[in-house]
Amino acid sequence: THCAWNHFCLVWQTSHTFHLCSHTTVTRSLSLSLSLHLHIATLPFSASKFPVKRLAGMKFQYKVALIVLGIIAAWFGLWAVVDIVGARSMRAQQTRSDHRVLARLNQDVDALKKSVQKAVKGTEDLVKQVTALKEAKSDAGHVASADASAAELKAIKIEVHTLAGKLADLAKHSSSEQANYDEQVHKLSQQIADLTAQMKDKTRERRDDGQDEGKIKSQAVETDRKSKQGTKYLVLGQPADVCVTFDDANSKCVYHECGDVNKHKAPHGIVKRPSSLRRTTMRISGTRGAGSGCLVVHKYKFIMTHVLKSGGSKIKDLIKWWLCGEERPMDCPDGSYNLADCARAIQANPEYHVITFVRNPYARAVSSWAMAKSYRHDKTADAPSFAAWAKNPDQAALTMNTYLAPVHWQPEVMFCTDKRQCPVFDFLAHLETLNEDLQRFAHLINATDLIGKTVGKPKTNRFGSAAIESEGASSIADLYTAESAANIAKVYAEDFSVLGFPTSEFMGKSFIDNQ
């Protein structure tokens, strides 16, 4: 009895402890059932005082106690199984409930999206109505005047018909009675004539008003279109002279009037190019070591590229003097400017505005020929004439044995556009209009050190003068014949096409064959 009581107390304490420390019904039931089964199984063998051979002789009370404890243990085990099944069922039910709630939330979100879209559409319709009301309000004066004119014209027509009816009635009377009404007939006829003239005048005025109103509306539409274009195609607050669009079909850039891509316009002055082209580089990049590097001015955030044989060296030197004030360029404070390789400078400063100077290809061809001629290894030997140079500059350079680099007579577009003919400039200046273009660019970027400065009229250098005299000509234009002009137009066809210089004339001299 004492041994059974000890086991019962141990079972009770163990199960009670697990029951209090557990947080769920399932855990409590399993712990209690496990404890009871464990102690029931070990009860007969827990001590030497209770050997197995004495089990058959166990008293009835012990047998009853064991049976009761077994029933209790079975009960708690069944309770644990039911609790587990119930918990799983509850979790499954909760999951299904969560899914239903999530589905309802998705439906509510879809409904909210539709409501928002409907509200946006309603707002757009309201904006259109307000715009229409504004337009109707602006035209109210014209509509009112037109309605008044129509009403007045209608009244005149009614009055004319009334007077005509009176006149017809008078005509029905006898001649003796009609004689008494001669004066009235005359008055009525005069009134009819006056009213008819007024009616014609009113009709003419109404037609003229309609035409004027149409003209006014057309002018307003055109002004509004130009205003929108003006605000869209600006460079540093100034309207662009030429715009650039990339033609995907032909894989090249097209220069045109801003707002109309179908109207071709050669670049000159302010050029509006897409932002995607601001890091593109030219086909031939000037290098600092060769003297053809770009002038980078951080103070005013602009870059001047150097197109060989287009006055670039002189212009760069003058700009450096102007930037340094009274100091010589070599003593200029650090940071005023620097010379760099063009491609690197443009890629490193895509926000800087690029200016490029070009010249008429006819003049540039003569300049490159004259310079190549003066850079011969043997100046006593005969040099090819300009006519021979015009046919094939590369072959003529080999014949004259010059040490001038061939890059000097490459097309100008190689120095200022990429292989797609897309511009590497925001302002294209012509050497022929050097001062005007330079001042316009200085005002565009607000370069106070450059405003008011002039370069001076370009003159033929000593190379050109000597070469021209050797040909027995008095000017550059005299070097050209129809044949040599046609050859230069062919060699530099891309320059003439992209930059817009005419091939049919040069310095007042007309080339009929090139038209």
Side-chain angles (χ1 to χ4, degrees), residues 127 131 135 216-282 294 297 300-305 307 342 345-347 349-358 412-413 415-448 450-451 494-502:
V127 170
T131 304
E135 294 177 354
I216 291 172
K217 288 184 177 181
S218 299
Q219 292 175 357
V221 171
E222 182 67 16
T223 302
D224 182 64
R225 184 182 67 84
K226 290 183 178 180
S227 175
K228 290 180 179 179
Q229 288 182 358
T231 57
K232 184 178 180 180
Y233 306 109
L234 294 179
V235 177
L236 294 178
Q238 297 296 322
D241 299 306
V242 181
C243 286
V244 180
T245 302
F246 186 74
D247 184 4
D248 292 320
N250 298 312
S251 298
K252 69 176 184 177
C253 282
V254 177
Y255 300 83
H256 57 86
E257 290 187 3
C258 295
D260 192 347
V261 71
N262 295 319
K263 290 185 178 180
H264 173 76
K265 189 175 182 181
H268 186 194
I270 303 174
V271 178
K272 177 70 173 180
R273 55 176 174 156
S275 58
S276 58
L277 299 177
R278 299 206 65 82
R279 290 184 182 272
T280 188
T281 58
M282 59 283 290
C294 283
V297 182
Y300 297 114
K301 293 186 177 181
F302 79 89
I303 299 173
M304 176 191 161
T305 60
V307 178
C342 291
I346 290 172
Q347 290 181 338
N349 304 283
E351 74 279 8
Y352 283 23
H353 287 76
V354 181
I355 180 173
T356 300
F357 292 87
V358 296
E412 294 177 86
V413 292
F415 299 89
C416 58
T417 66
D418 64 9
K419 61 182 180 180
R420 305 167 299 174
Q421 296 183 349
C422 295
V424 190
F425 53 81
D426 302 289
F427 193 100
L428 189 70
H430 287 182
L431 195 62
E432 292 76 12
T433 55
L434 172 58
N435 287 314
E436 294 85 348
D437 293 343
L438 182 60
Q439 286 304 302
R440 191 178 177 203
F441 180 72
H443 283 86
L444 175 67
I445 62 174
N446 195 26
T448 56
L450 308 184
I451 294 176
E494 192 175 4
D495 284 349
F496 285 105
S497 174
V498 175
L499 303 179
F501 290 99

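- In this structure, the side chains of Phe425 and Thr417 come closer than 4.5 Å at one or more pairs of heavy atoms.
- Looking at Arg440 and Asp241, a side-chain N of the basic residue comes within less than 4.0 Å of a carboxylate O on the acidic one, giving a salt bridge.
- The distance from the SG atom of Cys422 to the CE atom of Met282 is 13.0 Å, given to the nearest 0.5 Å.
- The shortest side-chain heavy-atom distance between Leu444 and Phe427 falls under the 4.5 Å cut-off.
- Of the candidates Leu236, Ile270, Val271, Leu236 is the only one forming a side chain to side chain contact (heavy atoms under 4.5 Å, CB included) with His353.
- Rounding to the nearest 0.5 Å places NE2 of His256 at 12.5 Å from NZ of Lys263.
- Once rounded to the nearest 0.5 Å, the distance linking CG of Leu434 with CG of Leu431 reads 6.0 Å.
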| said: With side-chain contact (heavy atoms from CB on, under 4.5 Å) as the criterion, how do Tyr352 and Val354 come out once you've worked through the C-alpha distance, each side chain's angles and the decisive distance to 0.1 Å? | reply: CA-CA 6 Å; Tyr352 283 23; Val354 181; 5.6 Å; no
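- Residues His268 and Asp437 are in side-chain contact: their nearest non-hydrogen atoms beyond the backbone lie under 4.5 Å apart.
- In this structure, a donor-acceptor pair under 3.5 Å is present between the side chains of Thr448 and Tyr300.
- For Phe302 and Phe441, the ring centers are positioned less than 6.0 Å apart.
- The two atoms that bring Arg279 and Gln347 nearest to each other are NH1-O, 2.7 Å, heavy atoms only.
- With rounding to the nearest 0.5 angstrom, the SG atom of Cys342 is 10.0 Å from the CZ atom of Phe415.
- Taking OG of Ser497 as the reference point, atom NE2 of His264 lies at 6.5 Å (rounded to 0.5 Å).
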| Stepwise side-chain contact (heavy atoms from CB on, under 4.5 Å) check, Leu499 with Val413 | CA-CA 8 Å; Leu499 303 179; Val413 292; 4.2 Å; yes
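- Phe496 has its ring centre no less than 6.0 Å from the ring centre of Phe501.
- At distances below 3.5 Å, at least one donor-acceptor pair connects side-chain atoms of Asp418 with backbone N or O atoms of Arg420.
- The closest side-chain heavy-atom distance from Lys301 to Ile445 is not below 4.5 Å.
- The main-chain N or O of Leu234 is found under 3.5 Å from a side-chain atom of Lys272 such that the two form a donor-acceptor pair.
- Taken to the nearest 0.5 Å, the OG1 atom of Thr245 stands 14.0 Å off from the CZ atom of Arg273.
- Here the shortest heavy-atom pairing between Pro423 and Leu277 reads CD-CD1, 4.4 Å.
- Residues Cys253 and Phe246 approach most closely at SG-CD1, 3.9 Å, considering heavy atoms.
- In terms of heavy-atom proximity, Thr356 sits nearest to Cys416 at CG2-CB, 3.8 Å.
- In terms of heavy-atom proximity, Val242 sits nearest to Pro267 at CG2-CA, 3.9 Å.
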| task | Please assess Arg278 against Glu351 for the test side-chain contact (heavy atoms from CB on, under 4.5 Å), listing each intermediate value before the final yes or no. | result | CA-CA 8 Å; Arg278 299 206 65 82; Glu351 74 279 8; 5.9 Å; no
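- In terms of heavy-atom proximity, Glu412 sits nearest to Asp495 at N-OD2, 2.9 Å.
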| task | Let me see the working for Ile346 and Val424 under side-chain contact (heavy atoms from CB on, under 4.5 Å), right down to the final yes or no. | result | CA-CA 9 Å; Ile346 290 172; Val424 190; 3.4 Å; yes
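- Dense packing is recorded around NZ of Lys265, with more than 12 heavy atoms of other residues, nucleotides or ligands lying under 6.0 Å away.
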